[in-house]
Amino acid sequence: MKSAIKTPQKLTRNFYLKDVLHVARNLLGKILVREINGQILSGRIVEVEAYDGSMDEASHSFKGKTKRNEVMFGPKGYLYVYFTYGMYFCCNVVTGKDDSAGRAVLIRAIEPLNGIEQMAEFRFKKRNISNKELLNLSNGPGKVCLAMNITKSENGIDLLGDSGYILNEKNIPDEKIVITKRIGISKSAELPWRFYIKNNPFVSKK
DNA sequence: CACCCGATTATCT
DNA sequence: GATAATCGGGTGT
C-alpha cells in the first residue's frame, strides 16, 4: 500500500474569493512560499491584518483606485506590494467575494521554515544568525518582505503562479487564534481586524 | 519594558 | 508640504 502522506497544494482561486475577514483568519497556519532562481524560501503565516476599502479608512483603497493601489481593485489571489516609510515594502493578498473591490490581507509575520540562510542573507546580509536574530527575521510586515525578497517587482503577481504562492494546511482552531486591533494605523484604529496564532514566538508583538 | 525619534521617499493634498 | 499598514537604536524607568 502506498504512503498516505499528502503533499500540500497551492491554495485555489476559490480560497481568495471569500469575505476578507474569513480569508484573513484562515490564512493563519498556511505556508507562504517564494521561489527565487530555483531556490525555495518558505514560512508559516502566523500574523495577518484585514483591510477593506468599502468601509475602512485605514485601507489604501478607501478613497478609490489610484496608480499605487490598482492591484487591490484587480482579480483576487494576487499580491499587492506597496512601498512605505521611504524604506520598506509590505505585501498583501487581494481577496473578497465576487466583484467586491479594494480588499486585502496584510501578511505581518511568518515563522521561517525553508531557506532560512538565504532569508538571513536578504535580511541581515549574513547567513549565520543567532536564535534572537531568527526570532527577529520575519516578525513584521517590512521584515517579511526583506527576508523573502519581495519588492516592487512582485507587485501584482498571481499567487497561483510559481514565483510566489501559498500552500494549503489545516485551519488553525479558534482557541489558538487571538483577535485584536490593528497595529500602526491612526484611522479606523478600533476595528478588531488583526489575527495571530496564540503563543507563537514569531508574531510581531503581543 | 515603555516611550521617543530619525531614516528615507512615493504618494497624495 | 504632509503623511505613512515600519524598523532599529536610543534613553529612561
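Between the C1' atom of B:dC3 and the NZ atom of A:Lys205 lies a distance of 11 Å, rounded to the nearest Å. The nearest whole Å value for the distance from the CD atom in A:Glu133 to the P atom in C:dG8 is 11 Å. The CZ atom of A:Phe89 sits 15 Å away from the P atom of B:dT8 (whole-angstrom rounding). Between the C1' atom of B:dC5 and the CE atom of A:Met87 lies a distance of 13 Å, rounded to the nearest Å. Following rounding to the nearest Å, A:Phe195 (CZ) and C:dA5 (C1') show an atom-to-atom distance of 15 Å. Rounded to whole angstrom, the span from the NZ atom of A:Lys143 across to the C1' atom of C:dA5 amounts to 15 Å. One interatomic measurement links the two molecules: CG of A:Leu146 to P of B:dT8, which rounds to 15 Å at whole-angstrom precision.
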Please list, pair by pair, any protein nitrogen or oxygen found under 3.5 Å from a nitrogen or oxygen in nucleotides 10-13 of chain B.
from: B:dC12; atom 1: OP1; to: A:Thr66; atom 2: OG1; distance (Å): 2.5

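Around atom NZ of A:Lys126, more than 12 heavy atoms belonging to other residues, nucleotides or ligands sit under 6.0 Å away. Within a 6.0 Å radius of NZ in A:Lys152, more than 12 heavy atoms belonging to other residues, nucleotides or ligands are found.
Summarising the geometry, atom NZ belonging to A:Lys205 is positioned 7.0 Å from atom CZ belonging to A:Arg194; distances are rounded to the nearest 0.5 Å.
Contacts of residues 48-60 of chain A with DNA chain C (heavy atom under 4.0 Å): A:Tyr51, A:Ala58, A:His60.
B:dA7: Watson-Crick or G-U partner is C:dT6, with both key distances under 3.5 Å.
The A:Tyr88 side chain lies nearest to C:dT6 when the options are C:dT6, C:dA4, C:dA5.
Judged by distance alone, with hydrogens and angles left aside, the side-chain atoms of A:Arg123 form no donor-acceptor pair with the main-chain N or O of A:Ser138 at under 3.5 Å. In this structure, the side chain of A:Arg103 does not engage the main chain of A:Lys76 through any donor-acceptor pair within 3.5 Å. Checked by atom type and distance alone, the side chain of A:Lys97 never pairs as donor or acceptor with a backbone atom of A:Asp19 at under 3.5 Å.
At the heavy-atom level, A:Gly86 lies under 4.0 Å from base atoms of the strands shown. Within the nucleic acid shown, A:Leu106 comes within 4.0 Å of at least one base atom, counting heavy atoms only.
At C:dT6, one or more side-chain N or O atoms of A:Arg108 fall inside 4.0 Å of OP1 or OP2 (strictly under the cut-off).
Ion pairing between a basic and an acidic side chain is recognised when a charged N comes within 4.0 Å of a carboxylate O; A:Lys10 and A:Asp162 show such pairing.
Hydrophobic clustering (ILVMFWY, side-chain heavy atoms < 4.5 Å, transitive): A:Leu17 and A:Leu21 are in distinct clusters.
For the pair A:Tyr85 and C:dT6, the ring geometry qualifies as stacking, because the centroid separation is below 5.5 Å while the planes lie within an angle under 30°.
The aromatic rings of A:Phe89 and A:Phe83 sit tilted relative to each other, their planes meeting at an angle between 30° and 60°.
Judged by closest nucleotide on DNA chain C, A:Ile185 is the one of A:Arg123 and A:Ile185 placed further toward the 5' end.
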